[in-house]
Protein chains: 4
Amino acid sequence: MDERKWLFDLLNVEEQQLSEKQLNILQAAIEMFAEKGYAATSTSEIAKRAGVAEGTIFRHYKTKKDLLLAIVKPTLFQSVAPFLAKKFVKDVFENEYEHYEQFVRAVFKNRYEFVKTYLPAIRVLWQEMAFHSDIKVQFQTIFINHVYDKFKQIVEHFQQKGELALLPPETIIRLTITTIAGFLATRFLIMPDYPWDDEQEMERTIQFLMNGLKA
Amino acid sequence: MDERKWLFDLLNVEEQQLSEKQLNILQAAIEMFAEKGYAATSTSEIAKRAGVAEGTIFRHYKTKKDLLLAIVKPTLFQSVAPFLAKKFVKDVFENEYEHYEQFVRAVFKNRYEFVKTYLPAIRVLWQEMAFHSDIKVQFQTIFINHVYDKFKQIVEHFQQKGELALLPPETIIRLTITTIAGFLATRFLIMPDYPWDDEQEMERTIQFLMNGLKA
Amino acid sequence: MDERKWLFDLLNVEEQQLSEKQLNILQAAIEMFAEKGYAATSTSEIAKRAGVAEGTIFRHYKTKKDLLLAIVKPTLFQSVAPFLAKKFVKDVFENEYEHYEQFVRAVFKNRYEFVKTYLPAIRVLWQEMAFHSDIKVQFQTIFINHVYDKFKQIVEHFQQKGELALLPPETIIRLTITTIAGFLATRFLIMPDYPWDDEQEMERTIQFLMNGLKA
Amino acid sequence: MDERKWLFDLLNVEEQQLSEKQLNILQAAIEMFAEKGYAATSTSEIAKRAGVAEGTIFRHYKTKKDLLLAIVKPTLFQSVAPFLAKKFVKDVFENEYEHYEQFVRAVFKNRYEFVKTYLPAIRVLWQEMAFHSDIKVQFQTIFINHVYDKFKQIVEHFQQKGELALLPPETIIRLTITTIAGFLATRFLIMPDYPWDDEQEMERTIQFLMNGLKA
DNA sequence: TATGAATGAGTTTTCATTCAT
DNA sequence: CATGAATGAAAACTCATTCAT
């Protein structure tokens, strides 16, 4: 099951920890939830696509909602993964990234790969967050505790270096994320069939962002 | 039912055209679809919230999907409404808007009010577009036929005037929309409870956009 | 539906209050719960026997347990009905019943008819009381509040008249009920097929009881 | 497993004949069947409470019903055990019991201890007898073949001695059993929490019975 | 036109039983 | 012997839709 490396990476588990059937179930669920939405997907459809009996799903996940969470929680963590790394901020301060642009480039590239790799799971996370307040709350908690604070330090660091406009850090963070996420959403969700030149369009997006934010 | 003016505006109908019960049904459906999603909302719940019998819904809308479309279609049209106006491009060319910034300001303000007014219906449109390809196709068709062409003319107009960077128009359109939509999404969907100073944050957003796009 | 008078009497409702289908459901449920027990009876079986769709059951009774309670609660009240009557004790004290034997005879006859008429519903009540503590608690509450107190007054009344042994009233009550219930259980539950001469056996049972309890 | 002597006694086996796991299964099954009823208890619950794997139950008992019978059959035999003893009737006739009262006292005491010791198993027997006609038939067969005949001889013996009223022996048997069973049911099933003085109440019950039955 | 009882196909979930390890 | 993953049939329950009133 080499071509399933992405699933192990997403779930952050070793190969031995999940049986073949469990993987089939998870993959089928991710695909169908992404396509039709959680509420519109029946467990019998998932079982059929996964090639298991319906009862098998409920042996591994007590309820359908548990199955959703088994997909959504890892995806949620991976969504903000770079910021969860201990050494991340240190990298910025100790001149790993000399300019905000380098930092943005690194994040952008990293998240581009992330979205490209895990697109269906990410769709599920974003779509269902709108309907399940427990997921939304978890996301907000993680964002505030692990992303926002670090991001703010970085922004203030580059503001002091005179690289960034003296806007409130929240605004700079919002514009940065919005610009990157805007590209990724357009590229992968809204117009995935458009003949994108990813390199060039990302370059343009970064230029736009840096011009927009420079002091 | 004065406080229901928004519904008439959204649906683009006169007061007499819809009975009280129909309005109740539509409003209940918008609210519940926005909160729980179309698939997770039962017609009996809608009937209860609307204060009508279950059968009454099906007297007005042959199927549940028809009820969704009765909400989604007008919302879809209103979403791109400014660009549907005949005189819209003429306004730009005949110096109604002397600068791209004025144009952006006008669109931004207009869409801000739109989102603020029709938020639940817009949620429904965006959430369900992901699951119903027919809605997505309609949206793309309208966008390409009525928004993209006009927007492109405008962008090229201001590029020729030397106001905008010589990026591909598609890129400028994307960055403009992304920046505006990014604010509105953050403001109304992702962090509606944050203590926003809308005026100021929109001003900052416009400055960012203009700096990012200037020649 | 004349032959369904017993159901109306048991439920203590008028004919118009329950639809034909509801009656079918209740009757089918009583019969099947009595035969196979609540837990071993499926709602689909009940639906089939009642000649309705399975969904119809759940339109009238939100859960299977609700259906059980719709049977059990009225039966529980009818079980202690004589003692719930306001004038019951007065009848005894004002020489309606001159002797304890007359009182016992009246109760015995009354309960005999009751069990004979509502046997299946009574089976359900007694069988399920063992498994559903909520039902058991209700029964005990009603017994203590409405039966025990009145019964005690009556016993003490006849003890003072010198008719009854000076045992603790609880003991006399227990022996009286046990003797009557013992006959009814043997007659209707344990050996319903034995060729009983009900009149004579009840007479003997009363003689036994009076001899056993006399001062 | 000394405190499990009761189980060996009930099942009438030696310690070596049953493995630890089998005992766990039987005990768990008795407890749960008594609490929730056979039909409402799942084999997985039993396995969990017994601390064994689900499959292990089915290794020892081919079906769930077999497990029930493994509990119910020994209990059924123990229920009528005194009458199964060969020398039982002889004891009575050869003046082991000079009076019916002595006989009743012996039976009463013996069955009191029996119910006290095996209460949960007895609950299971009585509850499920109502739903499984095969169990009921077995019980009736044993009762008629082994209990009734002997009991009748004894009753007639004491009638001839002039100790007992000249009622039909069946009636005397019924009243005797009903009176004893009525006490035990009230004492252990219906009002187990009442502050019983067992000695005294049993004494009163015997006095009542003897008075009721005396010639 | 509005109602709401009735439907039956479909949903999630449970469970006794099997079987490869 | 013991295990526990897997099964599929059946359970309780839901729901969009119909139709007689």
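Below, chains carry the letters A, B, ... as their sequence lines are ordered, and counting in each starts from 1. FYI, side chains are in, hydrogens and waters are out, and symmetry mates aren't considered; it's all heavy atoms of this structure.
- Atom C1' of nucleotide dT13(E) and atom CG of Asp66(A) are separated by 12 Å, given to the nearest angstrom.
- Of the nucleotides present, dA2(E) is the one that pairs with dT21(F) by Watson-Crick or G-U wobble criteria, both distances under 3.5 Å.
- Ring orientation note: the planes of Tyr38(C) and Phe33(C) are nearly perpendicular, at an angle over 60° on the 30°/60° scale.
- Pairing each heavy atom of Ile71(C) with each of Ala29(C), the nearest pair is CD1-CB, 3.6 Å.
- One atom, OH of Tyr61(C), and another, C1' of dT14(F), lie 19 Å apart when rounded to the nearest Å.
- Summarising the local packing, CZ of Phe58(B) is surrounded by more than 12 heavy atoms from other residues, nucleotides or ligands at distances under 6.0 Å.
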One pair to check against side chain to side chain donor-acceptor pair (under 3.5 Å): Gln78(D) and Thr75(D). What are the steps and the verdict? CA-CA 5 Å; Gln78(D) 301 281 10; Thr75(D) 309; over 6 Å; no
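- Taking the charged nitrogens against the carboxylate oxygens, Asp9(A) and Arg4(A) have no contact shorter than 4.0 Å, which rules out a salt bridge.
- Rounded to a whole Å, the CD1 atom of Ile46(C) is 17 Å from the P atom of dA10(F).
- Per the geometry, CG belonging to Leu68(B) stands 17 Å off P belonging to dC15(F), to the nearest Å.
- Base pairing annotation: dC15(F) forms a Watson-Crick or G-U wobble pair with dG8(E), both donor-acceptor distances under 3.5 Å.
- Rounded to a whole Å, the CD atom of Glu20(D) is 12 Å from the P atom of dA2(F).
- In this structure, Thr63(C) reaches the sugar-phosphate backbone alone: every heavy-atom distance under 4.0 Å involves primed, P, OP1 or OP2 atoms, never a base.
- Distances shorter than 4.0 Å separate some side-chain N or O of His60(D) from OP1 or OP2 on dA2(F).
- Whole-Å rounding puts the Lys48(D) NZ to dA2(F) C1' distance at 18 Å.
- Following rounding to the nearest Å, Ile25(A) (CD1) and dT13(E) (P) show an atom-to-atom distance of 14 Å.
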Thr43(A) vs Glu54(A), test: side chain to side chain donor-acceptor pair (under 3.5 Å). Steps then yes/no. CA-CA 7 Å; Thr43(A) 50; Glu54(A) 208 169 344; 2.9 Å; yes
Sort me out a list of protein N/O and nucleotides 7-11 of chain E N/O pairs below 3.5 Å, or just none if empty.
unit_1 : atom_1 : unit_2   : atom_2 : d
dT7(E) : OP1    : Lys21(C) : NZ     : 3.0
dT7(E) : OP2    : Ala53(C) : N      : 3.1
dT7(E) : OP2    : Thr56(C) : OG1    : 2.5

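- Rounded to a whole Å, the CZ atom of Phe58(D) is 18 Å from the P atom of dT7(F).
- Ring geometry for Trp6(B) against Tyr118(B) counts as tilted: the plane angle lies between 30° and 60°, on a 0 to 90° scale.
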